[in-house]
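A quick write-up on the structure given underneath.
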Amino acid sequence: MIDLRSDTVTKPSPAMREAMAQADVGDDVYGEDPTVNRLECMAAELLGKDAGLFVPSGVMGNQLCIRLHARPGDEVIVESLSHIIRYEGGSASSLSGVQLMCVPGNRGILAVEDVKAVIRKPDLHNPSTTLLCLEQTHNCGGGTVYPLSTIHELAEIARSNGLALHLDGARLFNAVAATGIAASDYARPFDTVSFCLSKALGAPVGSLIVSDGKHMTTLRRLRKLFGGGMRQVGILAAAGIYALEHHVGRLSEDHQHAKRLAQVLSNIPGVQCEPDEVETNMVLFRVAEKLGTTDELLAHCREAGVLLNAVGNRAFRAVTHLDVSAADIDEAGRMFAQAFSLANVR
Ligand code: TLP
């Protein structure tokens, strides 16, 4: 089976497992796990911030930062298809009591004027707008890279209105690979940045939050409050260190694979796919109604030997990652051609 559902499906390699087995550990709630401490320092340094915090998941990374920056009843601006609104189980409202102001973007990228228009004026009727969250790369936008110039413009609007800025940088290193811009340049305008080790970087678990030192005590306390304080977790941090040392430099391979897959898909009759829109490791495409329903199409793909996720009505996402080779991509292309053939229409 070629699994293109997500880049979260990768399995730790023997070398990564070896690094995990060798890790020095201690109780991280006491701040005594040397491997976690090393990973946190590494992350802070890479992103040009004072300090880092290891958290169990990308959702927890985002949610701790929302809780840090906003009070119950505040309004947080997010893009309409952002992970925070679509895939975090309603946690911003249930865990932090905030309401989300959703602003539609262009393939996930917000326009400065649209953000400006929704920032609330101080008035006793209005919620306070306190936080702007961006996503790099934008998942539902199709792995779109947030241009640095747009980030700067949005940051300026946010700052001049007293808003804090958080980056859901789950796939920040894909943006780095796509543009050559340093992670620290992308991170600079933000108060907090979270990024995931368990997506394109191929670690089994874990995310990091980085920020200025002044937020770290609160973030550490909030991590405990949210149930994310972990103990001898150096075994997992070691996988993260291995991922940062060995898996960042190879991300452009995944991007080439995604482009190649998009080209193959765009040549299959009944499939609508734009290879030019592929910027990183995701391919979004739509399949014509005459070829089946969403569930039928997913089933045909599974029968042909390839897994992917539906992201809408007959709209699909294929994600390339560490565990798929160039040969797998060619094979997946043939499987898609078989799965999306009129011969399957019953
Ligand atoms: N994304 C997953 C699913 O949850 C949709 C995926 O397969 O792409 N931010 C972004 C932008 C993400 O894409 C994800 C995971 C997260 C946060 C959450 O990370 P985890 O799953 O570690 O909590």
Side-chain angles (χ1 to χ4, degrees), residues 3-12 43 53-67 76 78-92 94-95 100 102 105 107-110 132-146 151 166-176 178 183 186-187 190 192-210 223 226-228 230 233 236-237 239-240 243 251 254 258 278-284 298 307-312 315-324:
D3 195 343
L4 302 177
R5 286 173 301 169
S6 182
D7 48 5
T8 58
V9 301
T10 56
K11 303 210 170 108
L53 186 70
F54 189 42
V55 294
S57 69
V59 171
M60 191 180 282
N62 284 335
Q63 294 305 323
L64 292 185
C65 293
I66 289 173
R67 181 66 166 263
V76 173
V78 295
E79 199 276 334
S80 301
L81 299 175
S82 63
H83 196 274
I84 288 171
I85 180 94
R86 278 197 77 171
Y87 296 124
E88 302 197 2
S91 48
S94 66
L95 300 177
L100 297 176
C102 298
R107 298 175 61 233
I109 309 303
L110 291 170
L132 170 65
C133 298
L134 307 183
E135 190 173 311
Q136 180 74 299
T137 61
H138 198 288
N139 185 341
C140 290
T144 348
V145 176
Y146 237 106
I151 293 176
H166 169 67
L167 180 66
D168 172 357
R171 297 184 179 82
L172 173 63
F173 288 97
N174 291 87
V176 171
Y186 279 125
F190 295 92
T192 49
V193 179
S194 54
F195 71 91
C196 294
L197 300 163
S198 59
K199 313 236 150 30
L201 299 184
V205 69
S207 291
L208 283 127
I209 300 172
V210 295
R223 182 182 67 174
F226 278 51
M230 300 178 286
V233 78
L236 297 179
L251 289 173
D254 295 344
V278 174
E279 295 179 40
T280 56
N281 67 333
M282 294 192 185
V283 184
L284 295 186
L298 283 175
L307 298 177
L308 75 169
N309 272 339
V311 290
F316 302 95
R317 180 188 79 161
V319 187
T320 57
H321 53 76
L322 187 58
D323 289 354
V324 288

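Atoms within a ligand are numbered from 1 in the order they appear, just like the ligands themselves.
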- Given V76, L81, V78, the one that forms side chain to side chain contact (heavy atoms under 4.5 Å, CB included) with C102: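 Exactly one candidate clears the test, V78.
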- Message: Salt bridge check, E135 against R171: does any charged N sit closer than 4.0 Å to a carboxylate O?
- Response: no
- Query: Does the side chain of N62 pick up a donor-acceptor pair with the side chain of S194 at under 3.5 Å?
  - Reply: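 Yes, because at least one side-chain N or O of N62 sits under 3.5 Å from a partner of the opposite role on S194.
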- Exercise: do Q63 and S91 side chains pair donor with acceptor under 3.5 Å: yes
- Query: With a 4.5 Å heavy-atom cut-off, do R107 and H138 have their side chains touching?
  - Reply: no
- Item | Sub-4.0 Å heavy-atom environment of ligand 1, residues by chain |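 The 4.0 Å shell around ligand 1 contains S6, S57, G58, V59, N62, H83, Y87, E88, E135, N139, D168, A170, R171, K199, R317.
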- Message: Quick check: closest heavy atoms across R86 and C140, and the distance to 0.1 Å?
- Response: NH1-SG, 3.5 Å
